[in-house]
Structure formats: structure tokens, C-alpha cells
Number of protein chains: 2
Amino acid sequence: MIGDRWSLLIVRELSLRDCRYTDLRDGLPGIASNLLAERIRRLTNDGLVERHEPDAAEVSVVYRLTARGRELLPALHAIVLWASPMMVSGPAPDDRQRGRWTAFAAEAFLDRPAAGREPLRLQVDDEHEPVVIDITPDEVTASLGSTDDADVHISGSTWHQLGLLSGELTFADASRLLDIRGTRSDVQRLRHILEMRRTSTTSDHE
Amino acid sequence: MIGDRWSLLIVRELSLRDCRYTDLRDGLPGIASNLLAERIRRLTNDGLVERHEPDAAEVSVVYRLTARGRELLPALHAIVLWASPMMVSGPAPDDRQRGRWTAFAAEAFLDRPAAGREPLRLQVDDEHEPVVIDITPDEVTASLGSTDDADVHISGSTWHQLGLLSGELTFADASRLLDIRGTRSDVQRLRHILEMRRTSTTSDHE
DNA sequence: CCGCATCCGGGGCGATACTG
DNA sequence: CAGTATCGCCCCGGATGCGG
């Protein structure tokens, strides 16, 4: 059900937001449209994806993950955690990175344990695709776009943003490479959250 | 590196034991030999697998996971946990199940949290491929073969064994479907361990 | 036997074009 | 926007061969 090409990537796209057909097409550079159609059909038949017909307020068909499809997220997160060292340290010349993928890696890295008392909202300023990351004690959610009321703003290279939010860079290193703005206490809270995750996931290989 | 066909399955095979070329071929029904050779080459070049030349005591080339390759196990475990409901409840007519795959699912299900004070050794009697599962406070390891000093013997249908050790069946249900033998206290300990994992992973959907 | 390399259909895949 | 249709190609699967 999920072993063939593109299927898990479609799930990844749908994990961040419900998508129209063209959203998926844009989010999966290189996919052929016949393959996208067939993969959606398969995933729908297998009960991982729902097709949502447009009602009065809506304009277009929307695909969304079912509960069963969402159960794949821990597996995707584990894969992303495994891959993030390579994404950060050795991006090939023609590798691309998108803000939404940074968001997904951040969800993977921050998801599991508790994350602090008060909610924290990050604005990750990617040139092409800014994302907002909300960290609450219960969960971490990312969404595309910009907000006015972020606690911390992170701008700079997409790769360094990924390094920070995936735990590959120490906060100290990342703050030299990125521009991290916010009140002293909010930045400290972010640092604390990230360092908690780092010690619990990485085996301190440096 | 791991998205194409067979690669992750090769990692799965190597996670249980070091394998010769033909071991892998046997463990991956349906793989073509040219593909196996090419996948091994890729995985080796990418640093996930090591080729071990036969020394004096050895007879044959052996492949084994590198540390980096072993870091994929959490991802594989997450996939297995996601898949096990389908493996247990709806095995298709031509689905196969092997003892070693039961062992892998058991590792996935039991791996994470602490597992009790004293080590517990299970003998899973599969007709074709019996496995021994050692549960210690620190880790769960499975190996192929039989042992004399198991604490608990589990015999019966391979599917039911998988259901028990992957948490899909309650211990009560499984003990009706399987033959579970051991001292009263050892069986209770097994039951306790399995029920701990069940409550922490499943959302009690029954 | 073991560890591959080679050869050979067939089908999935990738790119483009097309349509309601 | 949401797909369908078509086409060439390469990758995959299955069989066989072959030196160590």
C-alpha cells in the first residue's frame, strides 16, 4: 500500500494540510499526472485518503488523510529524523528545500515528548514559503503562511532553518548562522525546547 | 537511498542477523538476483551495509548493517507497527508469514519502553522457522532457532503468534487461540509486559 | 553451493498532450 | 482545475550462466 513510489510523499503533503489535486502536483516536483491520479485512487481505495467533494462554500475537490492515514505519521517522522543529518550537512547541488518540508521535519523532531508550559509560536521566514509552527504542551503543528503574532522569528538560509528545527545544529551554532528574533525569554524557551529534544534523540555524536 | 524497492526489506533482513547473499535471497521471496546485487552495492556505497570478507573461520561473505544502517530500525519499527493490524486481521490468501517476521514485529512492538525487572525468554514455535525472543529491561532481541531454557513456549498459528506479539490481540484472546506454556508466574509476566505495551501504543479501539 | 553477471519480455514510470 | 490518453523507455522480475 505504501511501498511504491510517491505514495508516502503524498501522505506527507496531506499531513500538513488538505490538498487539491494541483496542490499535490506542485508539492511533488517531478510526478506525472497520471501517476498522481493513480496513487490517489489507490490510497483512497485503501482507506488512507478521503476525497472531499466541494460543497456550497468550497470550490474544488480536496483530499485529506483519514485517521488510518494519519497513523502513518510516526513512520514518516522516523524516516525524516533519520534523513535530516544528510539534508542538513550534505545538500547536493540540485537538492531543493521547501519551507513546508522544514515544517514537516520540525514536527517530526519536536512531536513526541512534552514541550513546555506555555504555547510558543514561531515564524520561519522562508523566501518562497514561510511557515508558522505552533508548539503547545500537547502537540506541535505547522501551517503555511505568515502571522503577525509570532513569538520568535527565524530568518536566514532554509538549510540552516532545517538544521535548527531538526536538531542537527546546536542552538548556539544555529544562532550564528540564522537571524533569530524575539523577546529574550521567548528565545530562551525555544532554545530550551530544542535542546531537550536534542539530548533525547541524538546520541551526541560530536 | 531507501525509497526504491527492496532496500528497506534488505535492512529488515539484516537487522535480525548478518546474512550471506543467499540468506538475503531466501529472505526476500521474489527478488531478482541482479536487483539484489545492485541494492547491496548501493546500500554499501551509501554506508548502510558493510561487506565482510570471509576470514579463516568463516566460509562465506557476510553482509551486516553499519551503525548508520541500524539507525533505520526505528523507522522500520514504526512501519511494522502501522502494518501489523492488517497482517493479523486480514492476511490475503497468498500472504506468507515467516517466523523471522514475527520476531521483527515483536521487536518493533516491545522495543521502546522498559520491559520488567528480570529477563524473560520466549520460544516461539513456528513450524518452519522457530525464533527465540529475549526480553530484558534494556532491550528486546530476537534470534532464529530453538533453545532449551525458554521461560515460555508459544505454539500455534503463526498469524496468532504475530497477533499476540504485535499487540493486536489481547492476551486473553491469544491464549484461547494459542498454546502458551510456562510457569504461572512467567506467563503472568509475559501477559503484564504485553498489556503494558498495548495500552501505550494502541488507542483501545474495541 | 556462493556471489554475482547477463539476457530477455513486460509493465510501471516519466513526459507531454489533451479534455470537460 | 481535475484529471485522462498516449507513447517510449527503463526498470523490474524471471531465468540462465559462470567463475570461485
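The chains referred to below are lettered A, B, ... by the order of the sequence lines, with proteins before strands, and numbering in each begins at 1. Note that these values count all heavy atoms, side chains included, but never hydrogens, waters or copies made by symmetry.
- Salt-bridge annotation for B:Arg198 and B:Glu168: absent, with no side-chain N of the basic residue lying under 4.0 Å from a carboxylate O of the acidic one.
- In this entry the distance linking CG of B:Leu36 with C1' of D:dA15 reads 16 Å, nearest Å.
- The stretch residues 48-55 of chain B has no heavy atom under 4.0 Å from DNA chain D, so no residue of it qualifies as close.
- Separating the CG atom of A:Asp26 from the P atom of D:dG3 is a distance of 15 Å, rounded to the nearest angstrom.
- In this structure, B:Ser60 does not reach the C:dC2 phosphate: none of its side-chain N or O atoms is under 4.0 Å from OP1 or OP2.
- Taking atom CZ on B:Arg25 and atom P on D:dT16, their separation rounds to 12 Å, with Å as the unit.
- In this structure, A:Asp148 places its CG atom where only 12 or fewer heavy-atom neighbours from other residues, nucleotides or ligands lie under 6.0 Å away.
- You won't find any donor-acceptor pair under 3.5 Å spanning the side chain of A:Asn34 and the base of D:dG3, going by distance alone.
- In this structure, B:Asp18 atom CG and C:dC2 atom P are separated by 16 Å, rounded to whole Å.
- Look at A:Arg121 and A:Asp151 and you find no salt bridge, because none of the NZ, NE, NH1 or NH2 atoms lies under 4.0 Å from a carboxylate O.
- Checking C:dC4, C:dC2, C:dC13 against every side-chain atom of A:Leu35, the shortest atom distance belongs to C:dC13.
- The side chain of B:Arg41 lies closest to C:dA5, out of C:dA5, C:dG3, D:dT4.
- Around atom CZ of A:Arg181, no more than 12 heavy atoms belonging to other residues, nucleotides or ligands sit under 6.0 Å away.
- Taking atom CD1 of residue A:Ile31 and atom P of nucleotide C:dG14, one finds them 8 Å apart after rounding to whole Å.
- Contact annotation: B:Arg39 side-chain N/O to D:dC12 OP1/OP2 distance is under 4.0 Å.
- For residues 35-51 of chain B, the set of pairs meeting the side-chain hydrogen bond (donor to acceptor under 3.5 Å, both in side chains) definition, not counting sequence neighbours, comprises B:Arg51-B:Glu53, B:Arg51-B:Tyr63.
- In this entry the distance linking CZ of B:Arg5 with C1' of D:dC12 reads 8 Å, nearest Å.
- For B:Ser33 and C:dA5, a side-chain-to-base donor-acceptor distance below 3.5 Å is present, hydrogens and geometry of angles not being considered.
- For D:dG13, one of the phosphate oxygens OP1 or OP2 lies less than 4.0 angstrom from a side-chain nitrogen or oxygen of B:Trp6.
- Looking at the side chain of B:Glu38, the nearest of the listed nucleotides C:dG3, C:dA5, D:dC12 is D:dC12.
- Pairing each heavy atom of A:Gly69 with each of A:Val11, the nearest pair is O-CG1, 4.2 Å.
- Salt bridge absent: A:Asp23 and A:Arg25 never bring a charged side-chain N and a carboxylate O closer than 4.0 Å.
- Across the protein-nucleic acid pair, B:Asp23 atom CG and C:dC1 atom P stand 14 Å apart, rounded to whole Å.
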